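Quick caveat, the model's predicted, so the values are computed rather than measured. In what follows, chains are A, B, ... by sequence order, proteins preceding strands, each numbered from 1.
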There are 2 protein chains.
Amino acid sequence: MRIAIDAMGGDHAPGLIVQGAVEAAREWPDTELLLVGDTAVIEPLLQGQKPANLQLHHTDEVIGADEEPVKAVRRKKGASMVVAGQLVREKQADAMLSAGNTGALMTTGLLVVGRLDGIERPALAPMLPTMDDIGVLALDLGANMDAKPEHLLQYAIMGSIYRSKVHGMEKPRVGLLNVGTEEKKGNELTKAAYDLLTDAPINFIGNVESRDILQRSCDVLICDGFAGNIMLKSMEGTAGSLLNYLKDAFGESMMTKLAAAIMLPRLRKLKKKMDYKEHGSAPLLGLNGLVMKCHGSSDALAVRSAVRQARTAIQGQLTESIAAEISGK
Amino acid sequence: MRIAIDAMGGDHAPGLIVQGAVEAAREWPDTELLLVGDTAVIEPLLQGQKPANLQLHHTDEVIGADEEPVKAVRRKKGASMVVAGQLVREKQADAMLSAGNTGALMTTGLLVVGRLDGIERPALAPMLPTMDDIGVLALDLGANMDAKPEHLLQYAIMGSIYRSKVHGMEKPRVGLLNVGTEEKKGNELTKAAYDLLTDAPINFIGNVESRDILQRSCDVLICDGFAGNIMLKSMEGTAGSLLNYLKDAFGESMMTKLAAAIMLPRLRKLKKKMDYKEHGSAPLLGLNGLVMKCHGSSDALAVRSAVRQARTAIQGQLTESIAAEISGK
């Protein structure tokens, strides 16, 4: 199998991206990795240590973090991210991954890689943190602002297949984000989606409330991008404010500083638990091939872990399974 | 001025409601309080200590906490809550307050007290907790699931007037809950509402994100009931999960228990800060008279504090100000 890696996208690109690709190539000799980017920059970083299954694919254009996504993807046909997408479209790669501009990557997915037949809206599916560190796959958290019930149905099918193929879950519990757990709760969107989800080939457990997500009340959380984003940022803001309060409280006196010293490892663990960024890369589901979004702050370990996820997804025939389920509708 | 109090609604009714009414009557001799409920039950609770400005208004029906709101209000014309609403409608009282069934109180507001001319949806406006303990007035957090832009505009006007009349804020900052602070962010609802709010006679500061609410990034928060409810429960759930984690972490060993002993007052303060229920009673705005919702768990102090708020609102001619602003549109 072949995986294309955008060497030029992300806060630590190309240095740590290249390092991660080298490590991944050594770890999985059966996997060909294509590093897409400026060879003049990448080659010196390799220090002559290029594994045989790591190849360079030269291009000297790059999409910046602040560029307007649609314009950038349309104009820069030679950008590393866009070229990686073309490799997937032309079946020269089974998957691509990038830590670059999220909007541009979603646009690359839509315009370059292309949608699967029957998919109305591809969805970015990141993991929400949970107290047990297992996480909830969420679709979506901000891409599709005015979702229709049919979009939510497709999210549920795609998310369910992803958790089963990539995370090995047997019957992932799919929950619909709502204002109460009773069937008739919610707005017009959730009421209509509830009926569609009930009839879908998934393990639909009904409505779930945002207050229970951290306790992992479901494995796949379905919501429109507006509500999902409000939820995510409410959780982040509350955790941040509480941790700041604790920081101040622990710094107040000699005695509280003593208490802080005792509690420090546990507080660090809590902070890490709540850190959305710790929770790996996110697949962009519903495309003609696998696209993985790595966090902007990805280091070598994050790149390796994204390659691991991509391998599992390719081996499990994720894209083919989604295509079969959706075309069967 | 006269304020009707539903003596029979709430977890601690009638005992602590009656006690709160007696205390309020003593504190404000210029205010007549009408205790609505079963005199056979209320009189013994007074122990012969009835202040002159406290009157009893007998009725022996009550709406239970679990009754279906619309049915209950339609059938039980003699329920204490409904009778208190009638007193407001007939101008025999300037305001009413109740700690009973929230849905039934909203129905009483709509069907018995009646909407102000021009108001499309009355709104319950509770306070969200903030780290500085001042709070954000939110409209709404779950009543109107499929709000229209015009509803959000009216919420903003009513909430702004309330904070200025009752909380003495000069130019309350009105924020629109959204997924980003930039003008063009959001879904169809928030984009349309943004334009309406920009032209409204309020201090509109633009979009605000849910992660900043605890830092009081605005004084009046405008959102549809679905998103508002998701936000509220995300905040509650995150605070609850974090506090539980801390409780466990502090209980782990002798040393952590020592740390807990040092930190206890600060942790209690944090818990109280985050407790949504601590933040007073909520007005139901947009009606032909003032209706205040007290928390179900209200005690005597909560009743007194609701009477104080109602007095301020009546003195500030809250209802008349809202009517004038809305009819001027």
Side-chain angles (χ1 to χ4, degrees), chain A residues 130-131 141-142 145-147 177-180 185-191 209-215 223-246 248-250 252-253 255-263 265-267 269-270 273-274, chain B residues 130-131 141-142 145-147 177-180 185-191 209-215 223-246 248-250 252-253 255-263 265-267 269-270 273-274:
Chain A
T130 56
M131 296 310 282
L141 298 182
M145 282 295 141
D146 289 287
L177 183 66
N178 212 328
V179 299
K185 282 278 176 178
N187 55 17
E188 285 167 19
L189 172 66
T190 59
K191 283 178 197 165
E209 288 192 278
S210 55
R211 77 169 111 223
D212 301 321
I213 300 302
L214 276 172
Q215 305 304 326
C223 49
D224 69 279
F226 188 85
N229 197 275
I230 297 290
M231 174 192 64
L232 174 67
K233 288 179 180 160
S234 302
M235 292 169 74
E236 284 181 348
T238 305
S241 290
L242 262 67
L243 290 169
N244 273 341
Y245 175 91
L246 288 173
D248 291 347
F250 275 116
E252 267 178 35
S253 68
M255 288 298 277
T256 59
K257 281 176 190 164
L258 170 67
I262 297 170
M263 296 304 292
R266 293 165 186 87
L267 292 170
K269 208 169 124 192
L270 177 61
K273 242 181 224 303
M274 301 306 300
Chain B
T130 56
M131 296 309 282
L141 297 181
M145 282 294 141
D146 290 287
L177 183 66
N178 211 329
V179 299
K185 283 276 175 179
N187 56 15
E188 285 168 19
L189 173 65
T190 59
K191 284 178 196 165
E209 288 193 278
S210 55
R211 76 169 113 224
D212 301 320
I213 300 302
L214 276 172
Q215 305 303 326
C223 49
D224 69 279
F226 188 84
N229 197 274
I230 297 291
M231 174 192 64
L232 174 68
K233 287 178 181 161
S234 302
M235 292 169 75
E236 283 180 348
T238 306
S241 290
L242 262 67
L243 290 169
N244 274 340
Y245 174 90
L246 288 174
D248 291 346
F250 275 115
E252 268 179 35
S253 69
M255 287 298 276
T256 59
K257 280 176 190 162
L258 170 67
I262 297 170
M263 297 303 293
R266 293 165 185 88
L267 292 170
K269 208 169 125 190
L270 177 62
K273 241 180 226 306
M274 302 304 301

Mind listing the closest non-hydrogen atom pair of [X] and [Y] along with its distance?
{"X": "Leu214(B)", "Y": "Ser241(A)", "answer": "CB-OG, 3.7 Å"}
{"X": "Tyr245(A)", "Y": "Arg266(B)", "answer": "OH-O, 2.8 Å"}
{"X": "Lys233(A)", "Y": "Gly180(B)", "answer": "NZ-N, 4.4 Å"}

Contacting region of [X] [heavy-atom separation from chain A under 4.5 Å]:
{"X": "Lys269(B)", "value": "both"}
{"X": "Met235(B)", "value": "both"}
{"X": "Asn178(B)", "value": "both"}

**Asked** For Asn187(A), what residues pass the side-chain contact (heavy atoms from CB on, under 4.5 Å) criterion, not counting sequence neighbours?
**Response** Leu189(A), Thr190(A), Met145(B), Asp146(B), Phe226(B)

Between [options], who has the most heavy-atom pairs with chain A when the cutoff is under 4.5 Å?
{"options": "Leu243(B), Leu258(B), Leu246(B)", "answer": "Leu246(B)"}
{"options": "Asn229(B), Leu270(B), Leu242(B)", "answer": "Leu270(B)"}
{"options": "Ala261(B), Gly186(B), Ala227(B)", "answer": "Gly186(B)"}
{"options": "Ala239(B), Gly237(B), Ala260(B), Ser234(B)", "answer": "Ser234(B)"}

**Complete:** From the list Glu252(A), Met255(A), Met263(A), side chain to side chain contact (heavy atoms under 4.5 Å, CB included) partner of Ile262(B) resolves to Met255(A)

**Prompt:** When rounded to the nearest 0.5 angstrom, what is the spacing between CD1 in Ile230(B) and CD in Glu209(A)?
**Reply:** 8.0 Å

**Complete:** Comparing Ser210(A), Gly142(A), Ala147(A), Ala249(A) against chain B, the one with the most heavy-atom pairs below 4.5 Å turns out to be Ser210(A)

**Residues which pass salt bridge (Lys or Arg N to Asp or Glu O under 4.0 Å) with Glu188(B), listed by chain and number, not counting sequence neighbours** = none

